[in-house]
Amino acid sequence: MSIVKNIENQIKELIEKAVFRAKETGLLLFSALPDYVLEVPREKVHGDFATNIAMLMAKEAKMAPRKIAEIIVSNFEKEGTWIEKIEIAGPGFINFYLDHSWVYEVLPLVLEQGDDYGRSEFGAGKKVQVEFVSANPSGVLHMGNARGAALGDSLASVLDAAGYDVTREFYINDAGNQIEKFAKSLEARYLQLLGDDVPFPEDGYHGQDIIDTMKALIDRQGDKYKAMDGELRREFLVKYALEEKITNIRKTLEDFGVYYDVWFSEQTLHDSGEVAEVISELKKDGHIYEKEGALWFNTTQFGDEKDEVVVRSNGVPTYFAADIAYHKNKFKRGFEQVINIWGADHHGHVARMKGAIKALGYDPEQLTVILMQLVRLFRGGEILRMSKRTGTYVTLNELMEEVGRDAARYFFVMRSPDSQMDFDLDLAKSQSTDNPVFYVQYAHARICSILRQAEEMGYSLPNLSQDDFRILTDPSEIMLIRKIVDLPDEIVSAAKNLAPHRMTGFAHDLASLFHVFYTNCRVLTAEPEMRNARLLLTKATGICIKNVLKLIGVSAPERM
RNA sequence: GCGCCCAUAGCUCAGCUGGAUAGAGUGACAGACUUCGAAUCUGGAGGUCGCAGGUUCGAAUCCUGCUGGGCGCGCCA
């Protein structure tokens, strides 16, 4: 239970006691308590907490909201709590003003918990899977993948910190038509490099990377596949190229700070018979029919716009069929909640995927698809259309080289998934020092600098009790501490709403409050008791900034 | 044509399950370094929350319609 939730529960309990007391004495008429909220008002003048309960009771009680508020307040017992003052305001809000001392409790807690401060048991160990990026393995990672990577990894971190049992997973599409095309492209390049004048497939992959891959193969193994039967040769080439591609993808993601727990191959679903199995299961339950030689899944029964082919007339299962088997596999592995991060261009698949899950007897609510809008890339004021097929794209590696990993990750996480992003490379480069990530990192570096100097001056950091911190009464100090108190709830909130971008907002607020504190309060030159309290507040702030940046995947430098 | 997402300050975007006077950043303007990092801080300026209705004590938020933009509607993934 977080410090804020504790206080809130206490106040709520007292509100409800007051309401029922008023009912018993006949002052207030109602049958059931309304679904009211106790919240932290946006405006500071409205107190530390406020409730709308009086307004919600007005209709049933047949009384003016302000009158109801008066009755509640007159029946409210605030003795023995931090509540100093209660006021009725506006249309009938009840505002609670607290003795600010309640916030000091957090400082010894942060210093004790360190890296763990902010973590909570909210998720109660629920098994959750986040599947993200899952890029076509025949290419390299581009800007859209980068956004998905930053988003998915941060979401997973946030869920983990909120007490969920999180698995990060990458689904490798190493089967199907795409791979066929890939194979033909590889073969053409291979033969071309060995001097054969063979045509390049029109719908093939034109990227330079494929040529490089085949060059390297020839350097290493010569022309040993040249005389081989076509099908066999393509199989070898694909296996070779995929291994290299996937290794590169993994390495790029690790450079980006993203580490997966599971790399799941689509091909294994075909090999193990799970795809065939899931099709026959659906067939048995009457969800599949035959038309024009193909097998169709009646997804319209589950709210989709039109039915979908699962097995083509040539007998080859579609990507969708494999995806159904994949999701069944996920649930069989015990995940209670499955989160997929998809590009907005895949939104048409959501309904049918949920339908498939329902058809298999699972609850569609167990699948959440986060659709992220695609990234538009600008360079020199021009939109760059990104396409693997035509080979025009900016890779994640190039992005990291240009703007740096920290800036890139912060930038992607900062925006909510459903905002369209214009990423201007020139701007990102030229403005790199104005990037908000530096603002937060600067606060951390400043903190480290202060602590470093304290050490050089021979000041040790004592263990202070909650009461020792009462000396911190400057508004900038109280506001900073109040923000620190919020961290665990903020993480839970980001987890509940699957909104990691809230963490960048929190990081920025925290850094800002620290900069204000720094401007208003001297740390090292204060009297010993004050100096100790401020040093520890500084340290606690540093811990929080570092913990939040970790969730975003951004480093917390000690010097800049 | 149908479906999904978006529209908030000059620009880029927040705004949690409906709450009080809609917030940051950035740009422009005016200030603050004899003192712990000025990559900082302080101040004012900047708004018909796309438009029009509706729901109610109360709407940027929910509902309907419209306008404008993105994406999708394949025996591709």
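Computed from heavy atoms alone, side chains included, the values below leave out hydrogens, waters and symmetry copies. Order of the sequence lines fixes the chain letters, A, B, ..., with proteins taken first and strands second; residue numbering starts at 1 for each chain. Not measured: the values here are computed from a predicted model.
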With a 4.0 Å cut-off on heavy atoms, is [X] in touch with a base, just the backbone sugar-phosphate, or nothing at all?
{"X": "A:Asn95", "value": "base"}
{"X": "A:Leu295", "value": "nothing"}
{"X": "A:Tyr518", "value": "base"}
{"X": "A:Met560", "value": "base"}

Side-chain-base donor-acceptor pair under 3.5 Å for [X] and [N]:
{"X": "A:Ser449", "N": "B:C36", "result": "no"}
{"X": "A:Asp345", "N": "B:G72", "result": "no"}
{"X": "A:Asn435", "N": "B:A39", "result": "no"}
{"X": "A:His346", "N": "B:G72", "result": "no"}

Which base, if any, makes a Watson-Crick or G-U wobble pair with B:G25, both distances under 3.5 Å?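 Because both required distances fall under 3.5 Å, B:G25 counts as paired with B:C11.
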
Could you identify the nucleotide paired to B:U42, looking across every strand shown and requiring Watson-Crick or G-U wobble geometry with both distances under 3.5 Å? B:A30

Rounded to the nearest 0.5 Å, how far apart are CH2 of A:Trp296 and OG1 of A:Thr318?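 Answer for the CH2-OG1 pair, A:Trp296 versus A:Thr318, is 10.5 Å.
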
Distance, nearest 0.5 Å, that separates CG of A:Asn173 from CD of A:Glu266: 5.5 Å

Contact under 4.0 Å: [X] side-chain N or O vs [N] OP1/OP2:
{"X": "A:Arg446", "N": "B:U40", "answer": "no"}
{"X": "A:Gln453", "N": "B:G37", "answer": "yes"}
{"X": "A:Arg531", "N": "B:C36", "answer": "no"}
{"X": "A:Ser416", "N": "B:A14", "answer": "yes"}
{"X": "A:Asn177", "N": "B:C76", "answer": "yes"}
{"X": "A:Tyr439", "N": "B:C41", "answer": "yes"}
{"X": "A:His501", "N": "B:G15", "answer": "yes"}
{"X": "A:Lys181", "N": "B:C76", "answer": "no"}
{"X": "A:Arg312", "N": "B:A77", "answer": "yes"}

Given that A:His508 and A:Pro41 both sit by RNA chain B, which one's nearest nucleotide is further toward the 5' end? A:Pro41

Closest-nucleotide ordering on RNA chain B, the 5'-leading residue of A:Asn173 and A:Glu558: A:Glu558

By centroid distance (under 5.5 Å) and plane angle (under 30°), are A:Phe93 and B:A20 in a stacked arrangement?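 Whether judged by distance or by angle, A:Phe93 passes, so it stacks on the base of B:A20.
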
Any stacking of A:His46 on B:A20, going by centres under 5.5 angstrom and planes within less than 30 degrees? yes

Non-neighbouring partners of A:Leu371 that pass side chain to side chain contact (heavy atoms under 4.5 Å, CB included), sequence neighbours left out: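 Side chain to side chain contact (heavy atoms under 4.5 Å, CB included) list for A:Leu371, sorted by chain: A:Trp342, A:His347, A:Val350, A:Val369.
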
Specify the glycosidic conformation (syn or anti) of B:C33, with syn defined as within 90° of 0.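 B:C33: syn.
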
Options [options], nucleotide nearest the side-chain atoms of [X]:
{"X": "A:Val516", "options": "B:G69, B:A39, B:C41", "result": "B:C41"}
{"X": "A:Arg452", "options": "B:G37, B:A77, B:U21", "result": "B:G37"}
{"X": "A:Asn52", "options": "B:C6, B:G37, B:G19", "result": "B:G19"}

Taking A:His327 for its side chain and A:Ala325 for its backbone only, find out whether a donor-acceptor pair lies under 3.5 Å. no

What heavy-atom pair brings A:Val492 and A:Ser120 nearest, and what distance separates the two atoms?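 Heavy atoms only, the tightest pair is CG2-OG, 3.4 Å.
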
